[in-house]
Amino acid sequence: MPASSPILATSLPQKQLTTSSPAGGFRLPPPEKLAILLDRSESVDLVQQIHAAILRHNLYLHPYHPVLNLKLHRAYASHDKIRHSLSLLHTTIDPDLFLFTAAINTASTNGLRDQAFRLYLQLLSSRIVPNEFTLSSILKSCSARSVKLIHTHVIKFGLGLDPYVATGLVDVYALGGDLVSARKVFDRMPERRSIVSCTAMLTCYAKQGDVEAARALFESMLDSDRDIVSWNVMIDAYGQHGFPSEALMLFRELLAEGKPKPDEITAVATLSACSQIGALESGRWIHVLIERSGIRVNVKVCTALIDMYSKCGSLEEAVSVFNDTTRKDIVAWNAMIAGYAMHGYSQEALRLFDEMQGTVGLQPTDITFIGTLQACAHAGLVEEGVRMFESMGQVYGIKPKIEHYGCLVSLLGRAGRLKQAYEIIKNMEIEADSVIWSSLLGSCKLHGDFGLGKEIAEYLIGRNITNSGTYVLLSNIYASVGDYEGVAKVRSLMKEKTIVKEPGVSTIEIDGRVHEFRAGDGNHLQSEEIYTMVRKMSEWIKSSGYVPDTNVVLQDLEKSEKEESLEVHSERLAIAYGLISTKPGSPLRIFKNLRVCSDCHTVTKLISKITGRKIVMRDRNRFHHFVDGSCSCGDFW
DNA sequence: TTAGGGTTAG
């Protein structure tokens with residue numbers, strides 16, 4: 001090559017490259033130097049200039065070009081110029097395995113599955129043999145269907161024992177729920193399975209909710225092998241599949257072992273477990289632990305804290321974390337809006353919604369609207385809620401989902417606009433589910449429209465669109481009008497179809513331990529003291545004029561028997577236990593898995609007045625704050 | 001190059 005060739009030109013400082021032009025007399029640095037510049041490029045401008053220079057100087061004919069091209073690809077990708085990085089492949093004559101693999105990997109990691117597959121097929125038709133990097137890259141784009149094909153390629157090219165490829169296969173099979181194939185691949189892996197492949201298999205069980213299989217695999221891993229990722233997967237598996245107490249127990253085990261050190265993901269998983277059971281004390285303890293142990297407090301940890309404090313009944317602490325969170329993203333805003341909504345602070349939720357858009361400039365998502373619509377529903381802001389619902393599509397281009405319709409139906413139903421709510425359910429594009437029907441049925445009961453209630457319930461039962469809630473509500477409706485024949489009919493129907501009413505469970509956390517109560521429960525160690533307090537409570541409230549609301553009792557019992565059954569509702573047992581085990585004047589926080597019944601609601605108001613305690617009660621739908629004889633829900637829930 | 005996380009109706 002002649003000495004004047006740009007390829008052999010002397011090196012050029014980076015800033016001069018930006019002003020260089022062939023006419024300007026500058027010389028292009030050698031390709032090796034360009035490669036270094038690309039690796040270090042801080043702006044996409046420089047990448048584009050180098051790209052232009054490569055083309056202008058015919059560098060694509062240079063033997064070093066494949067390496068340069070690969071660097072160019074990575075540089076574009078690292079600046080999020082995915083299209084630029086992928087288009088390199090089209091402008092390259094005879095792209096090699098490395099460029100193909102890099103492009104497939106870039107497409108896969110950026111969710112461009114179809115393109116990844118097109119590139120993979122193009123590679124095969126160019127008669128290039130893929131390697132383990134290529135296959136692990138294409139595996140990231142596989143679906144449950146395409147994985148079979150790629151698996152045959154893995155075998156054909158003899159890559160089945162490569163840990164990366166095998167882990168990729170386990171991962172894809174797991175995603176499609178094919179536990180058997182995932183396990184087969186896993187079991188065939190070489191003797192010393194890597195911690196990563198074990199964790200991939202563990203994740204597979206976790207995603208399927210098979211916590212027992214997950215725990216068995218977790219136990220089979222040597223202590224020395226378990227790193228924080230595997231602990232996190234196991235803790236989260238419990239938390240996400242209905243075993244939040246087990247998640248917290250395992251977390252305590254991790255702390256007791258002393259290693260590995262929990263990280264921010266452990267924090268999120270355990271906080272979520274606390275949210276589910278309303279374990280405020282445990283949640284606070286984890287918060288302190290986070291601050292003391294130097295865990296990186298990112299926005300996800302903050303959101304988990306906001307959610308935990310909201311769901312555990314301490315809105316004040318949720319707000320405090322929210323205010324201290326820097327760089328709040330939409331998820332953090334959504335969590336805070338939902339927090340305000342579930343506590344009945346509707347105006348605050350709506351104010352935040354405005355602030356988020358106006359001051360911060362964040363666009364709401366469909367989840368934001370679940371929060372704001374719920375806020376409207378809980379405060380009876382009918383017009384505002386309807387406007388909000390309409391604005392979703394008209395202003396924000398967001399298609400309402402069943403959850404949004406659910407909020408709207410609840411909003412209208414609560415306001416007594418039953419016919420309108422009924423029409424919405426009948427006319428919506430999405431098929432109604434039992435949740436939305438139950439909501440309307442509940443409203444029918446609330447407003448005493450037994451005619452419509454019966455019509456709907458019988459329609460649902462006739463079409464088998466039911467859950468235990470629908471039956472219970474229908475039975476309730478019959479009971480409210482004293483139609484015990486109807487009640488009996490529903491009960492025998494439930495028996496016939498083996499529908500079991502979900503048992504009501506109330507919980508209260510005392511000294512970091514969660515205590516569970518079911519109606520009439522005698523299992524607690526301090527049962528005797530609890531029942532003494534229950535009877536004391538009955539005397540207090542009766543002397544303040546309480547009359548039991550026996551209508552809420554479904555069974556066909558004598559009046560006195562109905563009163564007795566009300567007296568031992570799970571909420572009342574939990575309150576009694578709270579009263580005997582905490583200091584006078586301190587607030588009580590009770591959690592109920594179902595909706596609080598209207599009789600317990602009345603009783604709790606009275607107890608709050610008589611004892612001077614603030615009682616915070618979370619039920620299936622929302623929070624009730626009982627203070628001095630009244631409730632934040634305004635007796636309308 | 002391979003594994004793990006936060007918000008969602010009643």
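Below, chain A is the first sequence line, B the second, and so on; all start at residue 1.
- Ranking dT7(B), dA3(B), dG10(B) by closeness to the Ser410(A) side chain, first place goes to dG10(B).
- Looking at the side chain of Asn334(A), the nearest of the listed nucleotides dT7(B), dA9(B), dG5(B) is dT7(B).
- Remark: the Asp433(A) side chain and the dA9(B) base include a donor-acceptor N/O pair separated by less than 3.5 Å.
- Computed from coordinates, the Ile286(A) CD1 to dG6(B) P distance equals 15 Å when rounded to whole Å.
- Scored by the side-chain hydrogen bond (donor to acceptor under 3.5 Å, both in side chains) test, Ser108(A) finds Ser141(A) as partners (sequence neighbours excluded).
- Closest contact between the side chain of Asp307(A) and the listed nucleotides dG5(B), dT7(B), dA3(B) involves dT7(B).
- Trp333(A) does not carry Arg327(A) over the face of its six-membered ring by the limits of under 6.0 Å from the centre and within 45° of the normal.
- Closest contact between the side chain of Thr199(A) and the listed nucleotides dT2(B), dA3(B), dG6(B) involves dA3(B).
- Listed candidates were dA9(B), dG5(B), dA3(B). Nearest to the side chain of Cys407(A) is dA9(B).
- Sorted by first and then second residue, the salt bridge (Lys or Arg N to Asp or Glu O under 4.0 Å) pairs involving residues 400-413 of chain A (not counting sequence neighbours) are Asp366(A)-Lys401(A).
- Residues from residues 157-166 of chain A lying near DNA chain B, meaning a heavy-atom separation below 4.0 Å, are Pro163(A), Tyr164(A) in numerical order.
- For Asp236(A), whose side chain is taken as the heavy atoms from C-beta onward, the closest listed nucleotide among dG6(B), dA3(B), dG5(B) is dG5(B).
- As a whole-Å value, the separation of Gln276(A) CD from dG6(B) C1' is 13 Å.
- Here Ile402(A) lies in heavy-atom contact (under 4.0 Å) with a base.
- For Phe251(A) and Trp231(A), the distance between ring centers is not under 6.0 angstrom.
- Contact annotation: Gln240(A) side-chain N/O to dG5(B) OP1/OP2 distance is not under 4.0 Å.
- Across all strands shown, Asn298(A) has heavy atoms under 4.0 Å from base atoms, whether or not it also approaches the sugar-phosphate.
- For the pair Leu350(A) and Met388(A), the minimum side-chain heavy-atom distance is below 4.5 Å.
- With rounding to whole Å, Lys300(A) atom NZ is found 12 Å from dT7(B) atom C1'.
- Contacts of Val409(A) with the nucleic acid, taken as non-hydrogen atoms under 4.0 Å apart, are absent.
- Within the 4.0 angstrom heavy-atom criterion, no nucleotide atom of any strand lies near Ala267(A).
- Backbone-only contact: Val233(A) has heavy atoms under 4.0 Å from sugar-phosphate atoms and none from a base.
- Minimum atom distance to the side chain of Glu132(A) is reached by dT1(B), of the listed dT1(B), dG10(B), dT7(B).
- Remark: Ser143(A) pairs with Arg113(A), Arg145(A), Ser146(A) by the side chain to side chain contact (heavy atoms under 4.5 Å, CB included) rule, at least two apart or across chains.
- Distance Ile425(A) CD1 to dA9(B) C1': 12 Å, rounded to the nearest Å.
- Rounded to an integer number of Å, the gap from CD of Glu264(A) to P of dG6(B) is 13 Å.
- Lys328(A) comes within contact range of no nucleotide atom at all, as no heavy-atom separation falls under 4.0 Å.
- When the side-chain hydrogen bond (donor to acceptor under 3.5 Å, both in side chains) test is applied to Asp39(A), the partners found at least two apart in sequence or on another chain are Lys71(A).
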Please tabulate, for side-chain N and O atoms in residues 266-280 of chain A, each donor-acceptor pair with protein atoms closer than 3.5 Å (sequence neighbours left out).
unit_1    : atom_1 : unit_2    : atom_2 : d
Thr266(A) : OG1    : Asn232(A) : OD1    : 2.8
Thr266(A) : OG1    : Asp263(A) : N      : 2.9
Thr266(A) : OG1    : Asp263(A) : O      : 3.3
Thr266(A) : OG1    : Asp263(A) : OD1    : 2.9
Thr270(A) : OG1    : Thr266(A) : O      : 2.8
Thr270(A) : OG1    : Ala267(A) : O      : 3.0
Ser275(A) : OG     : Leu271(A) : O      : 2.9
Gln276(A) : NE2    : Gly239(A) : O      : 2.7

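- Comparing dG10(B), dG5(B), dG6(B) against the side chain of Ser439(A) picks out dG10(B) as the nearest.
- Relative to the side chain of Ser136(A), the nucleotides dT1(B), dA9(B), dG5(B) differ in distance, and dT1(B) lies closest.
- As a whole-Å value, the separation of Glu403(A) CD from dT8(B) C1' is 6 Å.
- Using a 4.0 Å heavy-atom distance criterion, Val301(A) is classed as a base contact.
- Of the candidate nucleotides dT2(B), dA3(B), dA9(B), dT2(B) has the atom nearest to the side chain of Thr167(A).
- With hydrogens and angles left out, the side-chain atoms of Arg215(A) and Tyr238(A) include a donor and acceptor closer than 3.5 Å.
- Put simply, NE2 on His378(A) is 13 Å from P on dT8(B), counting in whole angstrom units.
- The base of dG6(B) lies close enough to the side chain of Asp329(A) for a donor and an acceptor atom to sit less than 3.5 Å apart.
- Atom CZ in Phe369(A) sits roughly 20 Å away from atom P in dT7(B) (whole-Å rounding).
- Look at Lys592(A) and you won't find any side-chain N or O under 4.0 angstrom from OP1 or OP2 of dG10(B).
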